[in-house]
Amino acid sequence: MALKNLEDLLSGDVSGRYVLVRSDLNVPLDGETITDDGRVRAALPTLKRLAEAGAKVVVTAHLGRPKGEPDPKFSLAPVAAKLTELLGVDVPLAGDLAGESAKATVAGLTDGQVALLENVRFDARETSKVEAERQELAAELAALVPGGAFVSDGFGVVHRKQASVYEIARALPAYAGGLVLAEVDVLKKLTEDLARPYVVVLGGAKVSDKLGVIANLLTKVDRLLIGGGMAYTFLKAQGHEVGNSLLQEDQLDQVRGFLAEAEKRGVELILPVDVLAATGFAADAEFDVVDATAIPAGRMGLDIGPKSRELFAGKLADAATVFWNGPMGVFEFESFAGGTRAVAEALVKSDAFTVVGGGDSAAAVRRLGLPEDGFSHISTGGGASLEYLEGKELPGVAVLGEND
């Protein structure tokens with residue numbers, strides 16, 4: 001089913017009309033300094049188009065994980081400042097979500113102006129498991145924008161049934177924003193009529209975070225490359241000692257099942273052949289390059305080694321489609337960023353359709369100074385991408401199809 005989208009909304013006259021936009025502005029902060037503004041920049045095209053069309057644009061978003069009540073360290077003030085900088089016009093921040101400050105801020109908007117509401121997760125109803133409570137908050141948000149429309153443009157949250165994502169789309173005429181539409185189109189390319197060989201690279205800390213997606217991908221991919229902290233549970237499942245490396249003992253049986261399933265289906269499941277075994281988890285920790293099957297007791301693997309980097313790059317060289325989610329090591333530490341850089345550079349060199357699956361992978365691309373246009377697509381939503389590839393419905397997208 002084709003989703004009603006931003007183009008459908010803009011085909012009518014939105015000048016002077018309120019448009020509530022759910023953006024994903026959940027950026028990493030160092031104090032009040034945004035360390036990666038990728039998500040803010042990704043939100044700009046939709047906001048600009050609406051503003052240029054004369055709409056009164058009201059943005060709702062979350063930041064971090066406040067406990068359902070106001071918390072100054074999770075204020076969207078730094079995001080409002082960044083939006084002001086990038087849009088070149090003042091973007092006022094309401095002091096609350098749907099209270100008196102929000103009402104006054106929204107009422108004061110002129111045509112073509114953008115305002116930001118305070119962190120939607122300052123209200124416990126946003127993430128409540130009780131539908132009626134989420135509906136109540138959605139009704140209050142809808143009341144802020146009388147006669148308005150809703151644009152869902154926060155792809156990073158569309159896998160959640162939350163008031164500002166799901167219930168609001170039933171309370172107002174709802175449309176998919178340009179970012180959400182682009183993300184869904186890319187994911188369809190990874191699941192429908194994809195070009196082969198199809199190679200998926202998974203990293204990150206925990207196998208448990210990716211159980212469903214691994215199970216589903218083993219029925220679809222030609223090769224699965226495993227790096228990052230999760231690789232050590234795979235190595236242990238093969239019978240190797242992993243020292244003090246990250247290990248999920250409770251997932252060993254599950255991982256043995258994955259290894260057997262890969263062999264049964266003829267899927268190449270590639271693990272690191274060497275690692276950087278460090279004395280501790282620190283940027284300046286001493287380390288040695290050791291075989292992945294011989295990690296010394298007391299050492300922890302913090303990155304894939306040079307032979308593994310070469311191996312992974314080789315397994316990516318002839319790919320026609322690649323999805324990458326999760327770093328190969330602790331890329332935040334310069335000494336242990338080489339594996340992640342090697343995978344990213346292999347994708348930049350590739351002629352394949354390459355998708356970086358959001359989250360830490362996208363942050364790593366920017367942190368390592370790699371050209372973002374060297375990839376076919378960099379997703380803004382790691383969790384949403386993984387759930388789609390797991391075969392799950394994304395509630396925040398499905399609800400947009402109910403408007404027809």
Visitor: Scan residues 153-162 for pairs that pass salt bridge (charged side-chain N to carboxylate O under 4.0 Å, His left out), counting only residues two or more places apart or in two chains.
Guide: Arg160-Glu387

Visitor: Using only atom types and a distance under 3.5 Å, with no angle test, would you say the side chain of Thr219 pairs donor to acceptor with the backbone of Asn216?
Guide: yes

Visitor: Sub-3.5 Å donor-acceptor pair from the side chain of Asp303 to the main-chain atoms of Gly338, do we have one?
Guide: yes

Visitor: Could you tell me if the side chain of Ile34 sits less than 4.5 Å from the side chain of Leu29, heavy atoms only?
Guide: yes

Visitor: How far apart are the C-alpha atoms of Phe323 and Tyr198, what are their side-chain angles, what is the distance that settles it, and do they pass the ring pair (Phe, Tyr, Trp, His ring centres under 6.0 Å) test?
Guide: CA-CA 8 Å; Phe323 175 77; Tyr198 178 26; 8.0 Å; no

Visitor: Going by the side-chain hydrogen bond (donor to acceptor under 3.5 Å, both in side chains) test, which pairs reach into residues 73-96, not counting sequence neighbours?
Guide: Ser75-Glu118, Lys82-Glu85

Visitor: Just checking Arg41: does its CZ atom have more than 12 heavy atoms from other residues, nucleotides or ligands closer to it than 6.0 angstrom?
Guide: yes

Visitor: Mark yes when over 12 heavy atoms from residues, nucleotides or ligands other than Glu310 sit less than 6.0 Å from its CD; otherwise mark no.
Guide: no

Visitor: Ignoring hydrogens and geometry beyond distance, is a side-chain donor-acceptor pair present between His159 and Glu393 at under 3.5 Å?
Guide: no

Visitor: Please, which pairs that meet salt bridge (charged side-chain N to carboxylate O under 4.0 Å, His left out) have at least one residue in residues 138-148, sequence neighbours excluded?
Guide: Arg125-Glu140

Visitor: Does Leu3 form a side chain to side chain contact (heavy atoms under 4.5 Å, CB included) with Val397? I'd like the steps, not just the answer.
Guide: CA-CA 8 Å; Leu3 299 176; Val397 173; 3.7 Å; yes

Visitor: Between Asn5 and Gly177, is there a donor-acceptor pair closer than 3.5 Å when you use the side chain of the first and the backbone of the second?
Guide: no

Visitor: What residues, two or more places apart in sequence or in another chain, satisfy side-chain hydrogen bond (donor to acceptor under 3.5 Å, both in side chains) together with Glu286?
Guide: none

Visitor: Go through the side-chain N and O atoms of Ser361 and Asn325 and say whether any donor and acceptor fall under 3.5 Å apart.
Guide: no

Visitor: For Glu332, I'd like to know if atom CD has over 12 heavy atoms of other residues, nucleotides or ligands within 6.0 Å.
Guide: yes

Visitor: For residues 104-116, dump all side-chain donor-acceptor pairs below 3.5 Å to protein atoms at least two apart in sequence or in another chain.
Guide:
{"unit_1": "Thr105", "atom_1": "OG1", "unit_2": "Ser101", "atom_2": "O", "d": "2.8"}
{"unit_1": "Thr110", "atom_1": "OG1", "unit_2": "Gln113", "atom_2": "OE1", "d": "3.3"}
{"unit_1": "Gln113", "atom_1": "OE1", "unit_2": "Thr110", "atom_2": "N", "d": "3.1"}

Visitor: Is the Trp324 ring parallel, tilted or perpendicular to the Phe375 ring (thresholds 30°, 60°)?
Guide: tilted

Visitor: Would a 4.5 Å heavy-atom cut-off, applied to side chains only, mark Val275 and Val289 as touching?
Guide: no

Visitor: Cut-off 3.5 Å, side chains only: do Ser164 and Thr60 have a donor facing an acceptor?
Guide: no

Visitor: Could you give the distance from CG (Leu316) to CD (Glu345), rounded to the nearest 0.5 Å?
Guide: 12.5 Å

Visitor: Within the distance-only criterion (no hydrogens, no angle test), does the side chain of Ser379 pair as donor or acceptor with the backbone N or O of Val356 below 3.5 angstrom?
Guide: no

Visitor: Report yes if some heavy atom in the side chain of Tyr175 is under 4.5 Å from a heavy atom in the side chain of Ser152; otherwise report no.
Guide: no

Visitor: Hey, does the side chain of Asp360 reach the backbone of Gly326 with a donor-acceptor pair shorter than 3.5 angstrom?
Guide: no

Visitor: Keeping Thr340 on the side-chain end and Pro327 on the backbone end, is there a donor-acceptor pair under 3.5 Å?
Guide: no

Visitor: Are Val79 and Arg39 close enough that some pair of their side-chain heavy atoms sits under 4.5 Å apart?
Guide: no

Visitor: Quick one: which residue pairs count as a ring pair (Phe, Tyr, Trp, His ring centres under 6.0 Å) with a foot in residues 60-112, not counting sequence neighbours?
Guide: none

